[in-house]
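First up is the structure itself, then whatever we jot down about it.
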2 protein chains.
Amino acid sequence: MTPPVLDLAFAALSDPTRREIVQRLAKGAARVTDLVQPFDMSFNAVSKHLKVLERAGLVRRTRAGREHHIALDPEPIRRIAGWASRYERFWSDRLDKLEAFLKANRKRD
Amino acid sequence: MTPPVLDLAFAALSDPTRREIVQRLAKGAARVTDLVQPFDMSFNAVSKHLKVLERAGLVRRTRAGREHHIALDPEPIRRIAGWASRYERFWSDRLDKLEAFLKANRKRD
DNA sequence: GCTATATTCAACCCATAGGTTGAATATATG
DNA sequence: CATATATTCAACCTATGGGTTGAATATAGC
């Protein structure tokens with residue numbers, strides 16, 4: 001049973017619009033309207049993207065009157081980095097590995 | 001124009017079955033049949049997952065007769081790690097950031 | 001050459017994703 | 001109070017995802 005936290009985080013970040021929002025939020029929290037502004041897309045579309053980010057835990061929402069303040073929560077990104085780091089060892093010697101495999105499975109003649 | 005390489009890699013890794021396949025491949029290349037075995041799922045379903053991983057560049061396929069040998073290409077994972085590392089700074093001081101934001105936007109009375 | 005094995009291709013199904021538009025809701029402000 | 005602003009909710013549309021089954025294709029081995 002893999003907890004779905006990585007599922008949601010990876011899925012949320014697979015959309016370029018959402019990654020752009022995350023990047024924007026790295027510079028500081030913002031209101032929904034502020035986040036809509038750079039995009040050529042309806043307000044509602046961005047609002048939906050924010051809900052996806054929120055569900056994935058990448059973003060926290062605090063209501064202040066009629067305004068919602070959206071702040072980055074980098075914890076899921078940290079989890080992703082942790083997951084990816086398991087393959088660091090690979091980043092240097094993948095060609096060696098492939099070679100070794102091909103050698104091991106070479107037809108014996 | 002963000003090249004879609006991260007889109008594809010993040011999307012591919014959002015599925016737990018595919019992450020499991022990647023993990024399995026970290027131990028060495030394998031044939032399609034070998035990769036199907038651990039899953040309670042049709043051969044064709046796994047074959048489709050492999051195509052997704054291949055399209056995302058996470059996996060390389062070399063045909064050897066009727067067998068296809070699937071090997072991990074960790075480069076996209078490296079790219080993801082690079083993307084995520086931009087938020088490392090955040091991993092320690094996000095609470096400070098949130099606090100600062102709330103303070104800055106506190107109603108003046 | 002015939003049969004078994006490894007694999008993809010194609011068609012289909014249903015759920016979800018990403019976008020739209022048109023309300024509804026809640027809070028500010030003159 | 002009336003109106004403008006900030007935001008979600010709901011319904012809809014089309015495309016894609018993940019799975020199935022049933023071929024088709026290519027290679028291996030007797």
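What you see is a predicted model; the values in this text were computed from it and never measured. Each chain gets a letter, A, B and so on, in the order its sequence line appears, and its residues count up from 1.
Residue A:His68 places no side-chain N or O under 4.0 Å from the OP1 or OP2 atom of D:dA6. Here A:Lys51 does not reach the OP1 or OP2 of D:dT7: none of its side-chain N or O atoms lies under 4.0 Å away. Within the structure, every side-chain polar atom (N or O) of B:Ser42 is placed at least 4.0 Å from both OP1 and OP2 of D:dG19. One finds a side-chain N or O of B:Thr33 lying less than 4.0 angstrom from the OP1 or OP2 phosphate oxygen of C:dT7. Note on B:Ser47: a side-chain N or O is less than 4.0 Å away from OP1 or OP2 of C:dT8. For A:Arg63, no side-chain nitrogen or oxygen approaches OP1 or OP2 of D:dT8 to under 4.0 Å.
In this structure, of C:dT8, D:dT20, D:dT8, it is C:dT8 that holds the atom nearest to the side chain of B:Phe43. Nearest to the side chain of B:Arg31, among C:dA6, C:dG19, D:dT7, sits C:dA6. Counting only heavy atoms from C-beta on, A:Val32 has its side chain closest to D:dT7 among D:dT7, C:dG19, D:dG19. Comparing D:dT7, D:dG18, C:dT27 by their closest approach to the side chain of A:Arg66 singles out C:dT27.
At whole-Å resolution of the value, CD1 in A:Ile70 and C1' in D:dT8 are 12 Å apart. Atom NE2 of B:His69 is separated from atom P of C:dT8 by 12 Å (rounded to the nearest Å). Spacing between atom CG of B:Leu53 and atom P of C:dT8 amounts to 12 Å, rounded to whole angstrom units. The distance from atom CG of B:Asp15 to atom C1' of D:dT16 is 14 Å, rounded to the nearest whole Å. If you take CG of A:Asp40 and P of C:dG18, they are 18 Å apart, rounded to a whole angstrom. Here D:dG18 presents its P atom at 11 Å from CZ of B:Arg55, a figure rounded to the nearest Å. A straight line from CE of A:Met41 to C1' of C:dT21 spans 16 Å, rounded to a whole angstrom. The distance between atom CZ of A:Phe10 and atom P of C:dA17, rounded to the nearest whole Å, is 17 Å.
With rounding to the nearest 0.5 Å, the separation of CZ in A:Arg78 from CG in A:Asp73 is 10.5 Å. Remark: A:Glu88 CD to A:Phe90 CZ distance equals 13.0 Å, nearest 0.5 Å. Note: A:Arg60 CZ to A:Glu75 CD = 10.0 Å, rounded to the nearest 0.5 Å.
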### side chain to side chain contact (heavy atoms under 4.5 Å, CB included) between A:His69 and A:Arg63, worked out
CA-CA 6 Å; A:His69 292 139; A:Arg63 267 147 271 244; over 6 Å; no
#### Entry: CA sep, side-chain torsions, deciding dist, call: A:Asp7, B:Arg19, salt bridge (charged side-chain N to carboxylate O under 4.0 Å, His left out)
CA-CA 9 Å; A:Asp7 295 38; B:Arg19 285 201 307 279; 2.7 Å; yes
### Query
What do the steps show when you test A:Arg31 against A:Ile70 for side chain to side chain contact (heavy atoms under 4.5 Å, CB included), and what is the final call?
CA-CA 6 Å; A:Arg31 300 174 307 147; A:Ile70 313 292; over 6 Å; no
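Between A:Phe10 and B:Phe10, the ring-plane angle classifies as tilted under the 30° and 60° cut-offs.
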Could you list the donor-acceptor pairs under 3.5 angstrom formed by side chains in residues 47-57 of chain A, with sequence neighbours left out?
unit_1, atom_1, unit_2, atom_2, d
A:His49, ND1, A:Arg18, NH1, 3.1
A:Glu54, OE1, A:Arg61, NE, 3.2
A:Glu54, OE1, A:Arg61, NH2, 3.0
A:Glu54, OE2, A:Arg61, NE, 3.2

Within the sub-3.5 Å range, which N or O atoms of nucleotides 10-12 of chain D have a protein N or O partner, and how far apart are they?
none

